[in-house]
Amino acid sequence: MAVASTSLASQLSGPKSLSQSYSGLRRSCPKLDQSHSSLFQHLSLSSSSRKASRAVVAMAGTGKFFVGGNWKCNGTKDLISKLVSDLNSAKLEPDVDVVVAPPFLYLDQVKSSLTDRIEISGQNSWVGKGGAFTGEISVEQLKDIGCKWVILGHSERRHVIGEDDQFIGKKAAYALNEGLGVIACIGEKLEEREAGKTFDVCYEQLKAFADAVPSWENIVVAYEPVWAIGTGKVASPQQAQEVHVAVREWLKKNVSAEVASKTRIIYGGSVNGGNSAELAKEEDIDGFLVGGASLKGPEFATIVNAVTSKKVAA
């Protein structure tokens, strides 16, 4: 199921090239390097010391591998029927939580025809109880139709619709209080990355969630660098791992060690069947939030099954 779509990153970042050399996801910057040098020394030591002694799934966190498919504003009844059929016939590894987020208009169609092996998510929800809010969808409505999750804070909501960190945090709090799991998206734009502000941006977005939510029990954090969404450009496994480790360390320092261990931190940004296995090998990448490739059933299944590349031999 091939769907043409306009990339948000291309609208936001213009023609800037990504061919320049960077250290991880940050340009070499004395101030940033000084402020994070002790963190990276700690991360390097802890990463090198975490060796598997037997066949295990190599994950820094303790949660189950998680793969979400964000279908965005794509599809028709017929195309979605074909996609659902492909997903129903796919062989998926059992040790993965799999979720798809259809357009609101097709939630009922998907819920009534998709295998129970795959859970359903909304792509957004309102900040409170439903009412006179034209064009919005409430948490109660999502639950009524059978959704278990909702995606909040996606870059297209932040940078096109104009939702700010605090508003997104409040939406997450309401959804969690009403019993929905939240896929909480964070990530930097290209100019922020070039300015060496990747961590600052991600930490601010995380703090807005942390200040509002009642618990982290049903939250999955999705790191999605805006410059990699829909552009075909993907962070290298090492670049993504660098940010995921920093996010986990932030959770450990600012929330709790237990939350840092249990919270799944997934990667999104031009993930596909060709790069998912290498990305999945990184210890702090606990899964994926997939855009365009989730519209192709067989390829999405390949991404789900990338969990097998996390299994390391003794």
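Since the structure is predicted, the reported quantities are computational estimates derived from the model, not experimental observations. Below, each value reflects all heavy atoms present in this structure, side chains not excepted, and no hydrogens, waters or symmetry copies.
Between Glu299 and Asn272, some side-chain heavy-atom pair lies under the 4.5 Å cut-off. Using a 4.5 Å heavy-atom cutoff, the side chains of Phe104 and Asn124 are in contact. Put simply, the side chain of Leu295 reaches to within 4.5 Å of the side chain of Trp71, judged on heavy atoms. Ile285 has its side chain out of reach of Ile266: every pair of non-hydrogen atoms, C-beta onward, lies at least 4.5 Å apart. Looking at Arg193 and Gln239, their side chains come closer than 4.5 Å, going by heavy atoms from C-beta outward. When side chains are defined from C-beta on, Val247 counts as touching Ile186, because their heavy atoms get closer than 4.5 Å. The shortest side-chain heavy-atom distance between Ile120 and Val110 falls under the 4.5 Å cut-off. Side-chain contact between Val182 and Val220 is absent, with no heavy atoms from C-beta onward closer than 4.5 Å.
Aromatic ring orientation, Tyr203 versus Trp250: parallel (interplanar angle below 30°, classes split at 30° and 60°). The aromatic rings of Phe65 and Phe288 sit perpendicular to each other, their planes meeting at more than 60°, with 30° as the lower class boundary.
Proximity of a side-chain donor or acceptor of Asn70 to a complementary backbone N or O of Val290 within less than 3.5 Å is not detected. Counting only distance, with no hydrogens or angles, the side chain of Asp144 and the backbone of Val139 share no donor-acceptor pair below 3.5 Å. Within the 3.5 Å criterion, the main-chain N or O of Gly69 finds no donor-acceptor partner in the side chain of Ser294. Using modelled atom types, no side-chain atom of Thr115 and backbone atom of Ile118 make a donor-acceptor pair closer than 3.5 Å. Using modelled atom types, one side-chain atom of Ser309 and one backbone atom of Ala277 make a donor-acceptor pair closer than 3.5 Å. When atom types are taken as modelled, the side chain of Tyr106 and the backbone of Asp108 share no donor-acceptor pair closer than 3.5 angstrom. Between the side chain of Arg117 and the backbone N or O of Leu92 there is no donor-acceptor pair closer than 3.5 Å. In this structure, the side chain of Asn177 does not engage the main chain of Tyr174 through any donor-acceptor pair within 3.5 Å. At least one donor-acceptor pair under 3.5 Å links the side chain of Ser270 to the backbone N or O of Ala228. Remark: side-chain polar atoms of Lys310 are paired, donor with acceptor, to backbone N or O of Ala280 under 3.5 angstrom.
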Inset, instruction - Check the pair Ser81 / Gln109 against side chain to side chain donor-acceptor pair (under 3.5 Å), numbers first and verdict last. - result: CA-CA 8 Å; Ser81 292; Gln109 177 188 350; 3.0 Å; yes
Inset, instruction - Walk me through it: do Asp165 and Gln205 pass the test side chain to side chain donor-acceptor pair (under 3.5 Å)? - result: CA-CA 6 Å; Asp165 294 347; Gln205 293 170 350; 4.5 Å; no
Legend entry - Derivation of the side chain to side chain contact (heavy atoms under 4.5 Å, CB included) call for Glu93 and Thr308: CA-CA 8 Å; Glu93 288 291 317; Thr308 58; 3.5 Å; yes
Inset, instruction - Using the side chain to side chain contact (heavy atoms under 4.5 Å, CB included) rule, take Ser121 and Val100 through it: C-alpha gap first, then chi angles, then the decisive distance, then the call. - result: CA-CA 6 Å; Ser121 171; Val100 294; over 6 Å; no
Inset, instruction - Take Phe199 and Glu242 through the side chain to side chain contact (heavy atoms under 4.5 Å, CB included) test and state the conclusion after the steps. - result: CA-CA 10 Å; Phe199 294 135; Glu242 180 182 56; 4.2 Å; yes
Inset, instruction - Dump the intermediate steps for salt bridge (Lys or Arg N to Asp or Glu O under 4.0 Å) on Glu156 and Lys72, then the final yes or no. - result: CA-CA 10 Å; Glu156 290 148 7; Lys72 304 190 179 182; 2.8 Å; yes
Legend entry - Worked verdict on Glu249 versus Lys252 for salt bridge (Lys or Arg N to Asp or Glu O under 4.0 Å): CA-CA 5 Å; Glu249 288 293 320; Lys252 181 178 180 181; 5.1 Å; no
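Using a 4.0 Å cut-off between charged side-chain N and carboxylate O, Lys143 and Glu140 make no salt bridge. A salt bridge does not link Lys129 to Glu178: none of the charged nitrogens lies less than 4.0 Å from a carboxylate oxygen. A salt bridge links Arg157 with Glu163: the distance from a Lys NZ or Arg NE/NH1/NH2 to an Asp or Glu carboxylate oxygen falls below 4.0 Å. For the pair Asp86 and Lys296, the salt-bridge criterion is not met [side-chain N within less than 4.0 Å of a carboxylate O].
When all heavy atoms of Val226 and Gly187 are compared, the closest pair comes out as CG2-O, 4.3 Å. Taking every heavy atom of both residues into account, Leu279 and Ala240 meet most closely at CD2-CB, 4.4 Å. Listed here is the closest heavy atom pair of Glu188 and Val201: CA-CG1, 4.1 Å. Between Leu152 and Ala175 the shortest heavy-atom distance is CD1-CB, 4.4 Å. Minimum interatomic distance between Pro102 and Leu107 (heavy atoms only, all atoms of both residues): CD-CD2, 3.7 Å. Of all the heavy atoms in Ala301 and Ala90, the pair that sits closest is CB-CB, 3.8 Å.
The line from OG of Ser155 to CD1 of Ile229 is 3.0 Å long, rounded to the nearest 0.5 Å. In this structure, CG on Asp78 lies 12.0 Å from NZ on Lys82, to the nearest 0.5 angstrom. Leu180 CG to Lys148 NZ: the interatomic distance, rounded to the nearest 0.5 Å, is 9.0 Å.
Between Phe66 and Trp149, the ring centre distance stays below 6.0 Å.
Asp286 pairs in a salt bridge (charged side-chain N to carboxylate O under 4.0 Å, His left out) with only one of the listed residues (Lys64, Arg248, Lys262, Arg264), which is Arg248.
For Gln241 and Asp284, the side-chain atoms include at least one donor-acceptor pair closer than 3.5 Å. Looking at Glu224 and His154, their side chains do bring a donor and an acceptor atom within 3.5 Å of each other.
Criterion: ILVMFWY side-chain heavy atoms under 4.5 Å apart, direct or through other members. Under it, Val255 and Tyr223 are part of a common hydrophobic cluster. Val150 and Val67 fall within a single hydrophobic cluster, where Ile, Leu, Val, Met, Phe, Trp and Tyr are joined by side-chain heavy atoms under 4.5 Å apart, directly or via other members. Residues Val99 and Phe300 do not share a hydrophobic cluster, clusters being chains of Ile/Leu/Val/Met/Phe/Trp/Tyr side chains in contact below 4.5 Å. Linking ILVMFWY residues whenever their side-chain heavy atoms come closer than 4.5 Å, directly or via other members, places Val98 and Val84 in the same cluster. No chain of hydrophobic side-chain contacts below 4.5 Å, direct or via other Ile, Leu, Val, Met, Phe, Trp or Tyr residues, connects Leu83 to Ile151.
Surrounding CD of Gln166 are more than 12 heavy atoms belonging to other residues, nucleotides or ligands, all under 6.0 Å away.
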